[in-house]
Amino acid sequence: QVALVESGGGSVQAGGSLRLSCVVSGRTLINYVMGWFRQAPGKEREFVAALTWSEGRSAYGDSMKGRTSISRDAAKKTLWLQMNSLKPEDTAVYSCAAKRRGESEYEFWGQGTQVTVSS
């Protein structure tokens, strides 16, 4: 099992920045891909970013590309999402997730952290 706990959400004005964290506990993550997703009220869940835990190779969704950076601290088993130049449309619940490499679906999910961006 893998347990994920997010933090770092909050309220910020447009143009501001937030850094989300996701602390991971449980099994080793060597063969895992870690991702960040978001879901706004009334909308489908949306991919934000992901990286391979071992190599740190990253990929980004279109919605926040250029404004986000995903990283991890393997020793602290923590995943980060730095978000800059935030817009009101970035308001959503942000969740981290984990899946085994090669799998299409994310298996483990955190409870999410709310990000609210005001204009």
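- Closest non-hydrogen pair, Pro88 versus Ser118, comes out as CG-C, 4.4 Å.
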Inset, instruction - Determine, step by step, whether Ser21 and Ser7 satisfy the side chain to side chain donor-acceptor pair (under 3.5 Å) criterion, reporting the C-alpha distance in whole Å, the side-chain angles of both residues, the deciding distance to 0.1 Å, and the verdict. - result: CA-CA 5 Å; Ser21 64; Ser7 62; 2.8 Å; yes
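- For the pair Val23 and Leu4, the minimum side-chain heavy-atom distance is 4.5 Å or more.
- Connection of Trp53 to Leu20 is established within a shared hydrophobic cluster, with ILVMFWY side chains joined at heavy-atom distances below 4.5 Å, either directly or through further cluster members.
- Smallest separation of non-hydrogen atoms from Arg38 and Ala92: CB-CB, 3.9 Å.
- Not a single side-chain hydrogen bond (donor to acceptor under 3.5 Å, both in side chains) links Ser58 to another residue, sequence neighbours left out.
- Taking hydrophobic clusters as Ile, Leu, Val, Met, Phe, Trp and Tyr residues chained together by side-chain heavy-atom distances below 4.5 Å, Val48 shares a cluster with Tyr60.
- Nearest heavy-atom pair across Phe47 and Ala59 is CZ-O, 3.8 Å.
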What donor-acceptor contacts under 3.5 angstrom involve side-chain atoms of residues 74-83, with partners at least two apart or in another chain?
residue: Lys77; atom: NZ; partner: Gly26; partner atom: O; Å: 3.2
residue: Thr78; atom: OG1; partner: Lys76; partner atom: O; Å: 3.0
residue: Gln82; atom: NE2; partner: Asn84; partner atom: OD1; Å: 2.9

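- Contact check for Leu29 versus Val24: side-chain heavy atoms found under the 4.5 Å cut-off.
- With rounding to the nearest 0.5 angstrom, the OG1 atom of Thr68 is 9.5 Å from the CG atom of Asp90.
- Relative to the ring axis of Tyr106, Lys99 places its NZ or CZ within 45° and under 6.0 Å from the centre.
- The hydrophobic cluster containing Val33 does not contain Trp36, counting ILVMFWY residues as joined when their side-chain heavy atoms lie under 4.5 angstrom apart, directly or transitively.
- Shown here for Glu6 and Ser95, the closest heavy-atom pair between the two residues is OE2-CA, 3.2 Å.
- Under the 4.5 Å side-chain criterion, counting only non-hydrogen atoms from C-beta, Arg72 is in contact with Leu51.
- Gln111 CD: more than 12 foreign heavy atoms inside a 6.0 Å radius.
- Not a single donor-acceptor pair under 3.5 Å links the side chain of Thr116 to the backbone N or O of Thr91.
- The ring of Phe37 has its center closer than 6.0 angstrom to the ring center of Trp109.
- With respect to the salt-bridge test (charged N to carboxylate O, under 4.0 angstrom), the residues Asp62 and Lys65 qualify.
- Within the 3.5 Å criterion, the main-chain N or O of Gly9 finds a donor-acceptor partner in the side chain of Thr113.
- Of the possible polar contacts, none joining the Glu103 side chain to the Glu107 backbone as a donor-acceptor pair under 3.5 Å is found.
- Using a cutoff of 4.0 Å between basic side-chain nitrogens and carboxylate oxygens, Arg101 and Glu55 are scored as salt-bridged.
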